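A short worksheet on the structure shown next.
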Amino acid sequence: MILIKNGRLIDPLSKRDEIVDIAIENDKVKQIAKNIKEEGFDEVIDASGCVVSPGLIDIHVHFRDPGLTYKEDIITGAKAAAKGGFTTVVCMANTKPVVDNVETLKYVLDKAKQADINVLQASTVTKGLKGKELVDFDEMLKNGAIGFTDDGIPIKHTTVLYNAMKKAKELDVPISLHEENPSFITKAGVNDGNVSKALGLEGGATALAENVMVSRDVMIALETGAKVNIQHISSKTAVDTVRFAKSLGANVFAEASPHHFTLTEDAVLKHGSLAKMNPPLRTEEDRLAIIEGLKDDTIEIIATDHAPHAKEEKEKAFTLCPSGITGLETSLGLGVTNLVKAGHIDLMHLLEKMTINPAKLYKLDRGFIKEGAIADIVIFNEDEKWQVKDFASKSENTPFIGEVLNGKIKYTISEGKVVYRG
């Protein structure tokens with residue numbers, strides 16, 4: 001049994017914000033009250049001056065398992081998640097082999113049982129990520145897939161996507177979309193603009209590549225009624241388009257990654273390949289539009305797109321190195337520092353986007369703290385500064401190394417067990 005004393009409980013589901021004690025027995029929250037006596041507990045955690053929040057939920061991570069485990073695996077990815085305050089993650093399906101069949105899905109879910117946190121797995125939308133033939137949605141769901149995504153690759157064939165959305169609607173599951181049309185990308189990983197020109201890249205990834213896909217897909221979502229998640233939104237026009245689709249009644253969600261509300265394309269000049277990602281960092285106008293989307297809930301979810309790569313891969317020439325950065329261990333700190341401390345949203349609103357909103361998308365019985373609920377909890381000090389270093393992930397490909405952030409994580413508790421101590 002664990003007793004958390006004198007913490008500031010912030011629960012985005014109930015909107016509760018008060019100083020209380022929380023008693024945990026086995027994997028559940030047993031009691032929430034003031035002045036719970038300490039006798040009989042195996043561990044007493046003094047959370048004075050700290051926030052006690054539901055464990056964070058990230059619906060967009062790459063654990064590279066199976067097939068690319070030199071970058072990350074399910075166990076190390078889970079440890080990185082725990083260090084970042086996450087107690088539930090959803091893994092993308094672009095592994096090797098891809099998760100488009102029951103055998104690979106079961107491999108992931110069986111290995112996930114050994115992880116410190118709750119690791120869930122999405123299925124691909126199409127077989128082999130080829131965008132031509134749908135996977136067996138019913139079979140994959142029956143065997144434990146939580147949703148569907150071809151993340152990393154856009155679904156270019158409109159009829160295929162339309163049929164996928166109809167099936168997702170029928171089954172009431174989310175379909176998540178990577179929105180970059182390769183027809184409008186000359187060099188992936190960098191915005192087509194002043195920085196790409198300064199680097200002599202003769203092009204980059206235009207915002208149009210994202211905008212045309214988002215425009216098409218939200219209209220198909222409106223037509224089919226499917227629950228659609230626009231992944232790692234990066235452009236002002238895409239944010240405006242999602243806002244418009246919502247006004248029409250489309251069941252569309254959007255997620256923003258911390259790097260897209262924190263950095264601009266200028267980071268590529270400073271950090272090189274460590275700031276290369278798909279979709280790319282864009283302009284200050286785009287960054288501010290993402291923040292506005294977070295403020296007015298056009299963007300309901302913050303998700304990291306945790307994308308680990310080996311050091312030697314990222315040290316290759318910019319055009320040859322893979323895109324993506326790690327994100328689980330910096331996500332909360334970046335949100336506290338660049339959204340809350342910057343005055344854009346309050347802490348309740350930030351945690352809503354990192355707990356209950358992603359839980360609602362996938363209909364998870366998590367993301368909140370109440371008596372009888374699963375004891376998934378993160379304890380952090382929003383005012384304590386810490387430096388980005390010493391990763392639990394196998395990889396360290398992030399432009400935030402050395403940065404000083406607010407929001408020091410003290411404990412992560414997953415299903416009643418302490419899985420990280422800061």
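These numbers were taken from a predicted model, which means no experiment stands behind them.
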- Shortest non-hydrogen contact from Pro182 toward Pro154: CD-CG, 3.9 Å
- Message: Under the rule for salt bridge (charged side-chain N to carboxylate O under 4.0 Å, His left out), what residues qualify as partners of Asp172, not counting sequence neighbours?
- Response: Lys363
- Message: For the backbone of Ala82 and the side chain of Thr412, can you confirm whether one donor and one acceptor N or O come within less than 3.5 Å of each other?
- Response: yes
- Identify whether the distance between the nearest side-chain nitrogen and carboxylate oxygen of Asp296 and Arg243 falls below 4.0 Å. yes
- Item | Worked check of side chain to side chain contact (heavy atoms under 4.5 Å, CB included) between Asn381 and Val51 | CA-CA 6 Å; Asn381 186 327; Val51 172; over 6 Å; no
- Is there a donor-acceptor contact under 3.5 Å from the side chain of Ser273 to the main chain of Lys276? no
- Message: Under 4.0 Å between a side-chain nitrogen and a carboxylate oxygen: does that hold for Asp73 and Arg64?
- Response: no
- Would you call Asp11-Lys15 a salt bridge at under 4.0 Å N-O? no
- Message: With a sphere of 6.0 Å drawn around CD of Gln114, does it hold more than 12 non-hydrogen atoms of other residues, nucleotides or ligands?
- Response: yes
- Would you find a donor on one side and an acceptor on the other, under 3.5 Å apart, between the side chain of Ser331 and the backbone of Gly327? no
- Item | Working for salt bridge (charged side-chain N to carboxylate O under 4.0 Å, His left out), residues Lys236 and Asp240 | CA-CA 6 Å; Lys236 178 183 185 300; Asp240 291 340; 3.0 Å; yes
- Message: Is a donor from one side chain sitting under 3.5 angstrom from an acceptor on the other, for Asn118 and Thr88?
- Response: yes
- OG of Ser234 to CG of Asn191: how many Å apart, nearest 0.5 Å? 8.0 Å
- Note on the structure: Rounded to the nearest 0.5 Å, the OG atom of Ser257 sits from the CD1 atom of Ile290 at a distance of 8.5 Å
- Is there a donor-acceptor contact under 3.5 Å linking the side chains of His309 and Lys71? yes
- Query: Okay, side chain of Thr149, backbone of Ser176: is any donor-acceptor separation there less than 3.5 Å?
  - Reply: yes
- Item | Neighbour count above 12 (heavy atom, 6.0 Å) for Lys79 NZ | no
- Are Tyr420 and Tyr411 close enough that their ring centers fall under 6.0 Å? no
- Query: Got a salt bridge between Glu43 and Lys417, using NZ or NE/NH1/NH2 to carboxylate O under 4.0 Å?
  - Reply: no
- Query: Any salt bridge between Asp297 and Lys353, counting N to O under 4.0 Å?
  - Reply: yes
- Report, as yes or no, whether the 6.0 Å neighbourhood of atom NZ on Lys169 holds more than 12 heavy atoms from other residues, nucleotides or ligands. no
- Just by distance, do the side chain of Trp386 and the backbone of Gly407 share a donor-acceptor pair under 3.5 Å? yes
- Note on the structure: Value for CD1 (Ile74) from CG (Leu109), rounded to nearest 0.5 Å, stands at 8.0 Å
- Item | Distance flag, aromatic centroids of His232 and His178, threshold under 6.0 Å | yes
- Task: Measure from the side-chain N and O atoms of Thr104 to the backbone N and O of Val99, and report whether any donor-acceptor pair falls under 3.5 Å.
- Result: no
- Query: Can Leu405 and Leu334 be said to form a side chain to side chain contact (heavy atoms under 4.5 Å, CB included), step by step?
  - Reply: CA-CA 7 Å; Leu405 304 176; Leu334 290 169; 3.8 Å; yes
- Asp346, CG atom: more than 12 neighbouring heavy atoms under 6.0 Å: yes
- Count the heavy atoms belonging to other residues, nucleotides or ligands that lie under 6.0 Å from NZ of Lys111, then report whether that count exceeds 12. yes
- Side-chain ion pair, Lys311 and Glu315, N-O less than 4.0 Å: yes
- Note on the structure: Output for pair (Asp376 CG, Glu415 CD), nearest 0.5 Å, gives 6.0 Å
- Query: Only one of Arg8, Lys408, Lys410 forms a salt bridge (Lys or Arg N to Asp or Glu O under 4.0 Å) with Glu382, so which one is it?
  - Reply: Arg8
- Task: Determine, for Phe253 and Lys246, whether the Lys NZ or Arg CZ falls below 6.0 Å from the six-membered ring centre while staying within 45 degrees of the axis.
- Result: yes
- Verify side-chain hydrogen bond (donor to acceptor under 3.5 Å, both in side chains) between Glu312 and Tyr70, making sure each step is shown before the conclusion. CA-CA 11 Å; Glu312 58 270 21; Tyr70 66 93; over 6 Å; no
- Here the ring pair (Phe, Tyr, Trp, His ring centres under 6.0 Å) pairs for residues 88-127, sequence neighbours left out, are none
- Task: Could you grab the distance from atom CD1 of Ile301 to atom OG1 of Thr355, nearest 0.5 Å is fine?
- Result: 10.5 Å
- So, does Asn397 use its side chain to make a donor-acceptor pair with the main chain of Ala307 at under 3.5 Å? yes
- Query: Going by an N to O cut-off under 4.0 Å, is there a salt bridge joining Lys127 and Glu133?
  - Reply: yes
- From the list Ile299, Leu339, Thr262, Asp286, side-chain contact (heavy atoms from CB on, under 4.5 Å) partner of Ile291 resolves to Leu339
- Can you measure from CZ (Phe318) to CG (Leu201) and round to the nearest 0.5 angstrom? 6.5 Å
- Would a distance-only check, ignoring hydrogens and angles, find a side-chain to backbone donor-acceptor pair under 3.5 Å from Asn229 to Gln231? no
- Query: Does the pair Ser393 and Glu329 meet the rule for a side-chain hydrogen bond (donor to acceptor under 3.5 Å, both in side chains), with working shown?
  - Reply: CA-CA 8 Å; Ser393 170; Glu329 296 173 61; 4.8 Å; no
- Could you go through the side-chain hydrogen bond (donor to acceptor under 3.5 Å, both in side chains) check for Asp58 and His306 one step at a time? CA-CA 9 Å; Asp58 192 339; His306 177 77; over 6 Å; no
- Query: Taking it one step at a time, do Met92 and Phe63 satisfy side chain to side chain contact (heavy atoms under 4.5 Å, CB included)?
  - Reply: CA-CA 8 Å; Met92 299 296 96; Phe63 280 178; over 6 Å; no
- Does a side-chain N-to-carboxylate-O contact under 4.0 Å join Glu396 and Lys389? no
- Any chance you could lay out the side-chain hydrogen bond (donor to acceptor under 3.5 Å, both in side chains) test for Glu255 and His60, step after step, and finish with the verdict? CA-CA 9 Å; Glu255 63 180 51; His60 190 160; 2.6 Å; yes
- Item | salt_bridge(Glu210, Arg282) N-O dist < 4.0 Å | yes
- Would you check if the side chain of Glu313 reaches a backbone N or O of Cys321 as a donor-acceptor pair within less than 3.5 Å? no
- Task: For the pair His260 (side chain) and Pro279 (backbone), establish whether a donor and an acceptor sit closer than 3.5 Å, ignoring hydrogens and angles.
- Result: yes
- Residue pair Asn94, Ile153: steps toward the side chain to side chain contact (heavy atoms under 4.5 Å, CB included) verdict: CA-CA 9 Å; Asn94 58 340; Ile153 301 175; over 6 Å; no
- Item | The single option from Thr326, Asp151, Thr95 passing side-chain contact (heavy atoms from CB on, under 4.5 Å) against His62 | Asp151
- Carboxylate-amine/guanidinium proximity below 4.0 Å for Lys167 and Asp138: yes
